[in-house]
> 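Okay, here's the structure, questions in a sec.
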Amino acid sequence: MKTQIEAFLHVRQERFKSLMRKKGIDAAILVKPENVFYFSNFNPVLNSHPVFMLIPLEGEPCLLVHSIRYLHAQEEGGIRSIYCYGKWGNTPSLAPEANEAIHELLGEVEGAIGFEMESISVELYSGLLNTLHARSSVSVSRDISLLKMVKDEYEIGCIRRAARLVDCGVETAIRFLREGMSEAQASTEAQYSMRKLWHKEYPEFEVCGFGNSEGGMIDSLNVWSLSNEHIAYGCDCPRHYIPADGDISLPMAWAKLGGYHAENERTVLVGSVSGIRRKAYDAMLEARAAIFDILRPGILFEELYFAAANVFSSHGFLDILPGRVGHGIGNSAHEFPSLARGNKLELAPGMAITVEPGLMDKNWGGARHSDSVLITETGYEILTQLDAGYLQI
């Protein structure tokens, strides 16, 4: 499988180099963990010592890691050229500090350097510019986001498998909520069910998130459930609350498998639900149908937003319209771009998005189903397979 991954990485690197040529960039230095992974297939889990992906316009891309990460990068990365900075044991190192090691690898860059301006710290950016004596710098954040929108065969396979995991998680959470468990208890059982399915079906794939400079993320199988007004928080930890008759409850699951996310959310009505909650629920189902009616390549992202917004407005929810009705998925749970007003990019085959038009209000709660969806040559494929209609427990 590693040889296969290397082939996909090479295509991604060459596509990025084409963008570099158009923008007059001589070398790119990437530090955002998700982007480093995209071009190298290496996730250090903990980024207390940054990992760098160096892509020169001419020459072979390479990975620069702290010495403590070298064996990990060798084993799991898809890059043949791996170098080290810092000191750990007897691992060969180019220099004590990353800036010096990057200078060793790139030399003094006469032209422009590409940086992820949305992600790199001012301190690291300034230090690299000074060390390399670069003439200028160019932001490549948006270029990489655009590049990552269309998934290759390997990425789609990972998202498809992750979709099976989140289906399992949400289905299990709903089952245990039906049996009278609290949000927290149902979420625990659901996460356990996802892990068991992972063990059984996909043990060769890592289920790991991307950590930051101060903490790692070993487990990326997550389930949580919110009820009533708590739904309006958008995202929060489940509580030891047992949903009761008349409540509205929202179990949600994320899974990252092999570095790629899927998402599933299902709102359920508990017992007999009427009034504003039932009205919002019905409007949500109608808004979903309006999006799927026009979902295909060539449609603008904002057209999907307006399809749902028009439905919500017709049902009297103009004052609480959502900011977006879905988003990209991939290396990140919330990836560029959003299905939002003003986004005039066109959908294309190979894009992976969520479709989740919803309503939230602090006075009564919220209603939202979310599916992970692949855009195909002629339309779409819903990767998450759970019933997305009227759900009652």
> Does the gap between the ring centers of F39 and H10 come in under 6.0 Å?
no

> Looking at H199, I want to see if its NE2 is surrounded by more than 12 non-hydrogen atoms of other residues, nucleotides or ligands under 6.0 Å.
yes

> Should the pair D371-R266 be classified as a salt bridge under the 4.0 Å nitrogen-to-oxygen rule?
yes

> Is V65 reachable from M217 through a run of hydrophobic residues whose side-chain heavy atoms are each under 4.5 Å from the next?
no

> Is the number of heavy atoms from other residues, nucleotides or ligands under 6.0 Å of E108 CD greater than 12?
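Yes - once you tally the heavy atoms of other residues, nucleotides and ligands closer than 6.0 Å, there are more than 12.
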
> Are there more than 12 heavy atoms of other residues, nucleotides or ligands under 6.0 Å from atom CG of N130?
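More than 12 within 6.0 Å, yes.
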
> Do W88 and H49 make the cut of ring centroids closer than 6.0 angstrom?
no

> Under 30°, 30 to 60°, or over 60°: which ring-plane class applies to F312 and F317, parallel, tilted or perpendicular?
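Correct class here is perpendicular.
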
> Would you compute the distance between atom CD1 of I291 and atom OH of Y380 and round it to the nearest 0.5 angstrom?
11.0 Å

> With the threshold set at 4.0 Å, does a side-chain nitrogen-carboxylate oxygen contact exist between E118 and K32?
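Judged by the 4.0 Å cut-off on N to carboxylate O distance, E118 and K32 do not form a salt bridge.
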
> If you group Ile, Leu, Val, Met, Phe, Trp and Tyr by side-chain heavy-atom gaps below 4.5 Å, do I242 and W224 land in one group?
no

> Count the heavy atoms belonging to other residues, nucleotides or ligands that lie under 6.0 Å from OH of Y83, then report whether that count exceeds 12.
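Counting other residues, nucleotides and ligands, OH of Y83 stays at 12 neighbours or fewer.
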
> How long is the gap from CD on E116 to CG on D143, to the nearest 0.5 Å?
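Nearest 0.5 Å value for the CD-CG distance: 11.0 Å.
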
> Taking atom types as modelled, is there a side-chain donor on D167 or N264 under 3.5 Å from an acceptor on the other?
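Result is yes, a qualifying pair exists.
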
> Are L30 and L128 connected in a single hydrophobic cluster, I mean Ile/Leu/Val/Met/Phe/Trp/Tyr linked by side-chain heavy atoms less than 4.5 Å apart?
no

> In terms of hydrophobic clustering (I, L, V, M, F, W, Y; side-chain heavy atoms under 4.5 Å; direct or indirect links), are M284 and L391 co-clustered?
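They do share one cluster, since a chain of ILVMFWY contacts under 4.5 Å joins M284 to L391.
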
> Any side-chain donor-acceptor pair under 3.5 Å between E335 and H261?
no

> Quick one about Q191 and N222 (side-chain donor to acceptor, distance below 3.5 Å, no hydrogens or angles considered), yes or no?
no

> Please say whether more than 12 non-hydrogen atoms of neighbouring residues, nucleotides or ligands are located less than 6.0 Å from NZ in K23.
yes

> Is a salt bridge present between R12 and D152, judged by a nitrogen-to-oxygen distance below 4.0 Å?
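Judged by the 4.0 Å cut-off on N to carboxylate O distance, R12 and D152 do form a salt bridge.
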
> Can you find a side-chain donor-acceptor pair between Q74 and Y70 that sits under 3.5 Å?
yes

> Taking atom OH of Y390 as the centre, report whether more than 12 heavy atoms of other residues, nucleotides or ligands fall under 6.0 Å from it.
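Result for OH/Y390: enclosed.
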
> Please determine if E302 and K344 form a salt bridge, counting it only when a charged side-chain N lies under 4.0 Å from a carboxylate O.
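Yes, this pair counts.
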
> Counting only heavy atoms from other residues, nucleotides and ligands, does the tally under 6.0 Å from CZ of R80 exceed 12?
no

> For the pair T384 (side chain) and S372 (backbone), establish whether a donor and an acceptor sit closer than 3.5 Å, ignoring hydrogens and angles.
yes

> Are L132 and L94 connected in the hydrophobic side-chain network, where two residues link if heavy atoms are under 4.5 Å apart?
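As far as the 4.5 Å side-chain criterion goes, L94 and L132 are connected within one cluster.
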
> When you compare the side chain of L197 with that of S193, does any pair of heavy atoms fall below 4.5 Å?
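They are not in contact (no side-chain heavy atoms under 4.5 Å apart), so the answer is no.
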
> Taking 4.0 angstrom as the limit, do E171 and R164 come out as a salt bridge?
no

> Please work out whether the ring planes of Y85 and H66 are parallel, tilted or perpendicular, with thresholds of 30° and 60°.
perpendicular

> Can you pull out every salt bridge (Lys or Arg N to Asp or Glu O under 4.0 Å) where at least one residue sits in residues 381-393? Sequence neighbours excluded, please.
R160-E381

> Is the H72-F42 ring centre distance short of 6.0 angstrom?
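When the ring centroids of H72 and F42 are compared, they turn out to be within the sub-6.0 Å range.
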
> I'd like to know if R341 pairs up with E303 as an ion pair, taking the criterion as any Lys NZ or Arg NE/NH1/NH2 lying under 4.0 Å from an Asp or Glu carboxylate oxygen.
no

> Is it true that R368 and E356 have a side-chain N and a carboxylate O under 4.0 angstrom from each other?
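Salt bridge flag = yes for E356 with R368.
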
> Would K256 pass as a cation-pi partner of Y260, given that its NZ or CZ must be under 6.0 Å from the six-membered ring centre and within 45 degrees of the axis?
no

> Is it the case that over 12 heavy atoms from other parts of the model lie below 6.0 angstrom from the CD atom of E14?
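Yes.
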
